[in-house]
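Notes follow once the structure below has been shown.
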Amino acid sequence: MKELILVIEDNEQNMYLIRFLLEKNGYRVTGALSAAEGINIFPSVKPDAVLLDIQLPDIDGYTVAKKLREMKESQNVPIIAVTSYAMPGDREKALECGCTGYIEKPINPDTFIDQLRAYLDGKSDRSDLS
Ligand code: MN
C-alpha cells in the first residue's frame with residue numbers, strides 16, 4: 001500500500017486537485033482545511049509526508065512547520081511546503097522552519113507526483129541534513 005499523505009490546505013479547489021492527483025496515483029490522503037486542524041491530527045494520523053500550504057488563514061505555514069517539528073512523530077517525515085511564493089528568500093524561510101523542501105503553486109499535474117516521490121524517497125533541500 002502506498003504512503004499516507006497529510007495535506008494541509010485551506011483552498012478547497014487546491015485541496016480537490018491535490019487529493020485527486022494523489023489518489024489517482026494510489027496514495028492515501030488525509031486533508032486538513034486549517035493549520036490548527038493539521039497540527040491537531042498530525043500525531044494520530046502518522047502520515048508518511050505532509051504537504052503544507054504556506055498561506056493559511058489561522059496560522060501561517062512556517063509556524064505550522066515549526067510546531068510539527070517540535071513533535072517527535074515528525075522526526076523522519078518529509079514536510080513539503082506548497083507555496084505560490086517565488087522568492088528564494090521564502091523558500092529558505094520554509095527550510096529554516098523545518099520544511100524538507102517545497103513544491104510551487106500552481107500545482108503542475110505533470111510533475112507534482114514525481115516531485116513528491118523524490119521527497120518520500122529521501123530528497124532534502126536542507127543543506128544541514130544529510
Ligand atoms: Mn492557502
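- Within the structure, no pair that satisfies the side chain to side chain donor-acceptor pair (under 3.5 Å) test touches residues 72-82, not counting sequence neighbours.
- Residue pairs meeting the side chain to side chain donor-acceptor pair (under 3.5 Å) criterion with at least one member in residues 25-34, sequence neighbours excluded: Y27-R117.
- Closest non-hydrogen pair, D58 versus A36, comes out as OD2-N, 2.9 Å.
- With sequence neighbours excluded, the residues that form a side-chain contact (heavy atoms from CB on, under 4.5 Å) with V7 are I5, E9, M15, I18, L22, V29, L51.
- Residues that satisfy the side-chain contact (heavy atoms from CB on, under 4.5 Å) test with A94, not counting sequence neighbours, are Y62, A81, C99.
- A continuous path of ILVMFWY side-chain contacts below 4.5 Å connects M71 to V50, so both sit in one hydrophobic cluster.
- The cluster map of Ile, Leu, Val, Met, Phe, Trp and Tyr, joined by side-chain heavy atoms under 4.5 Å apart, puts V77 and V45 in the same cluster.
- Salt-bridge check for E104 with R91: passed, with a basic side-chain N closer than 4.0 Å to an acidic carboxylate O.
- Between the CD1 atom of I113 and the CG atom of L116 there is a distance of 6.0 Å, given to the nearest 0.5 Å.
- A side-chain donor-acceptor contact under 3.5 Å links T100 to the backbone of I79.
- Legend: residues meeting side chain to side chain donor-acceptor pair (under 3.5 Å) with D125, ordered by chain and number and at least two apart, are Y119.
- The main-chain N or O of L33 is never found under 3.5 Å from a side-chain atom of D10 such that the two would form a donor-acceptor pair.
- K66 pairs by the side-chain contact (heavy atoms from CB on, under 4.5 Å) definition with C97, not counting sequence neighbours.
- For the pair N11/Q55, no side-chain contact is recorded, criterion being any heavy-atom separation below 4.5 Å from C-beta on.
- Closest of all the heavy-atom pairs between I107 and I103 is CD1-CG2, 4.3 Å.
- Not counting sequence neighbours, the partners of E23 by the salt bridge (charged side-chain N to carboxylate O under 4.0 Å, His left out) test are R19.
- For residues 45-56, every residue pair satisfying the salt bridge (Lys or Arg N to Asp or Glu O under 4.0 Å) rule, not counting sequence neighbours, is listed here: D53-K105.
- Linking ILVMFWY residues whenever their side-chain heavy atoms come closer than 4.5 Å, directly or via other members, leaves F20 and L6 in distinct clusters.
- Put simply, CD1 on I54 and CG on L52 are 5.0 Å apart, with the number rounded to the nearest 0.5 Å.
- Under the 4.5 Å side-chain heavy-atom criterion for Ile, Leu, Val, Met, Phe, Trp and Tyr, I8 and L17 are members of distinct hydrophobic clusters.
- Using a 4.5 Å heavy-atom threshold, the side chains of V82 and Y102 count as separate.
- Of all heavy-atom pairs spanning I80 and A49, the tightest one is CD1-CB, 4.3 Å.
- Residues satisfying the side chain to side chain donor-acceptor pair (under 3.5 Å) test with D60, not counting sequence neighbours, are T63.
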